[in-house]
Amino acid sequence: MPYIAGFLAFRETPVLLGLLQKMAVKEPALYPQLLMVDGNAILHPRGFGLASHLGVLADIPTIGVGKNLHHVDGLTNLEVRNVVAKSNLQAGDVVPLIGSTGQVWGAALHSHEGCQKPIFISIGHRISLDTAVAVVRCCCLHRVPEPVRQVFSFSQLQ
DNA sequence: GCGACAG
DNA sequence: ATCTTGTCGC
């Protein structure tokens, strides 16, 4: 499947479900209680990105973690960057991502001191935004939380 | 002239 | 995503 913006789940979900199934058989003790996904959840043009898609199919709580903003409901990179810049945020602070319709799509997390660019958290399945942000915040040694960062660096070698 | 857009 | 350049912290 090619990568098409807005349709990432159709490319990635079959592989991820296969890996979960493999874990259930081979390493049941390590089967995850929560998934932090390298991609958005409800912060998505149809409110249902990769993290949502995977969460529902696997029936596991999921958090979407985007490294770039997927433009939706009037939210733009420029606008978010401006808000983040003038908010004088400390590491761990968030600014809510509210679209022009008033919907809360997620939160931009200033995840690491001295970082220019925030990461974009949204709720996937069976989790609140507050909990999602708290979990991600706990995992941030660098800008990108460790579970996503380690998988990302591995994937870069492939 | 062209057209915002996760990975 | 990938690549290149420049700056900064360890």
Side-chain angles (χ1 to χ4, degrees), chain A residues 1-20 22 32 34-58 60-85 88-92 94-129 131-133 135-137 139-158:
Chain A
M1 289 283 286
Y3 167 69
I4 302 170
F7 295 88
L8 180 62
F10 294 91
R11 174 183 171 87
E12 308 274 335
T13 300
V15 175
L16 298 173
L17 286 172
L19 290 171
L20 285 170
K22 189 172 169 182
L34 170 73
L35 295 172
M36 208 176 285
V37 178
D38 189 7
N40 292 129
I42 66 166
L43 175 53
H44 178 272
R46 284 162 299 284
F48 206 81
L50 171 59
S52 314
H53 202 121
L54 180 63
V56 168
L57 290 181
I60 300 176
T62 52
I63 301 170
V65 180
K67 297 184 289 294
N68 293 287
L69 180 66
H70 197 161
H71 289 194
V72 58
D73 193 20
L75 295 168
T76 67
N77 231 306
L78 187 62
E79 178 204 358
V80 172
R81 293 286 281 274
N82 287 338
V83 173
V84 168
N88 225 315
L89 301 178
Q90 303 296 307
V94 291
V95 322
L97 293 170
I98 302 172
S100 42
T101 64
Q103 173 165 348
V104 177
W105 295 90
L109 172 64
H110 181 69
S111 57
H112 192 72
E113 185 191 18
C115 232
Q116 299 276 227
K117 202 170 159 183
I119 56 176
F120 303 96
I121 312 302
S122 59
I123 57 171
H125 192 49
R126 292 167 42 193
I127 197 164
S128 69
L129 186 56
T131 303
V133 168
V135 170
V136 172
R137 194 184 271 137
C139 296
C140 284
L141 277 54
H142 304 285
R143 184 177 82 104
V144 176
E146 284 307 289
V148 174
R149 182 173 167 266
Q150 293 188 21
V151 166
F152 179 72
S153 59
F154 177 77
S155 72
Q156 297 301 293
L157 299 173
Q158 299 302 300

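The figures that follow rest on heavy atoms only: side chains count, while hydrogens, waters and symmetry mates do not.
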Rounded to the nearest 0.5 angstrom, the OG1-CD1 distance for A:Thr131 and A:Ile63 is 8.0 Å
A:Met1 atom CE is separated from B:dA6 atom P, nearest whole Å, by 16 Å
What residues 109-126 of chain A contributes to the DNA chain B interface at heavy-atom separation below 4.0 Å is none
Between A:Met36 and A:Val65, the two heavy atoms sitting closest are CG-CG2, 3.7 Å
Shortest non-hydrogen pair, A:Val72 vs A:Trp105, comes out as CG2-CH2, 4.0 Å
Apply side chain to side chain contact (heavy atoms under 4.5 Å, CB included) to residues A:Cys140 and A:His112 and explain how you reach the verdict. CA-CA 7 Å; A:Cys140 284; A:His112 192 72; over 6 Å; no
Polar-atom pairs under 3.5 Å, protein N or O versus N or O of nucleotides 1-5 of chain B: list them with distances, or write none.
none

Here the salt bridge (Lys or Arg N to Asp or Glu O under 4.0 Å) pairs for residues 100-122 of chain A, sequence neighbours left out, are none
Between A:Pro32 and A:Leu20 the two heavy atoms that sit nearest each other are CG-CD2, 3.7 Å
Where DNA chain B forms runs of at least three Watson-Crick or G-U pairs (i with j, i+1 with j-1, under 3.5 Å), the stems are none
Output for pair (A:Leu75 CG, A:Ile98 CD1), nearest 0.5 Å, gives 9.0 Å
Of all heavy-atom pairs linking A:Asn40 and A:Asn68, the shortest is OD1-O, 4.3 Å
| Worked check of side chain to side chain contact (heavy atoms under 4.5 Å, CB included) between A:Glu12 and A:His53 | CA-CA 10 Å; A:Glu12 308 274 335; A:His53 202 121; over 6 Å; no
All heavy atoms of A:Ser111 vs all of A:Ile119, minimum pair found to be CB-CD1, 3.9 Å
inquiry  = Check this one for me: any side-chain N or O of A:Lys67 less than 4.0 Å away from OP1 or OP2 of B:dA6?
reply    = no
- Message: Please check: side-chain N/O of A:Arg46 versus main-chain N/O of A:Gly6, any donor-acceptor pairing under 3.5 Å?
- Response: yes
When you measure from the side chain of A:Arg11 to the backbone of A:Met1, do you find a donor-acceptor pair of N or O atoms at a distance under 3.5 Å?
yes
Per the 3.5 Å Watson-Crick/G-U criterion and a run length of at least three, the stems involving DNA chain C are none
The reported gap from CG in A:Leu16 to CD1 in A:Ile60 (rounded to nearest 0.5 angstrom) is 10.5 Å
At 4.0 Å (heavy atoms only), tell me whether A:Leu50 reaches a base, stays on the sugar-phosphate, or touches nothing. base
- Query: Within the structure, does a side-chain N or O atom of A:Asn40 lie under 4.0 Å from either OP1 or OP2 of B:dG7?
  - Reply: no
To the nearest 0.5 Å, atom NE2 of A:His44 lies from atom OG of A:Ser52 at 8.0 Å
I'd like a list of close polar pairs between nucleotides 6-8 of chain C and the protein, N/O only, cut-off under 3.5 Å.
none

By the 4.0 Å heavy-atom rule, please label A:Gly49 as base, sugar-phosphate, or nothing.
base
Separation of C:dA1 atom C1' from A:Glu12 atom CD, nearest Å, is 12 Å
Are the side chain of A:Ser122 and the backbone of A:Ala41 linked by a donor-acceptor contact shorter than 3.5 Å? yes
note: A:Asn68, atom CG; B:dA6, atom P; distance rounded to Å ~ 7 Å
Review point. Counting any heavy atom closer than 4.0 Å, what does A:Phe152 reach on the DNA or RNA strands: base, sugar-phosphate only, or nothing?
Key: sugar-phosphate
Value for CG (A:Leu43) from CG (A:Leu69), rounded to nearest 0.5 Å, stands at 6.0 Å
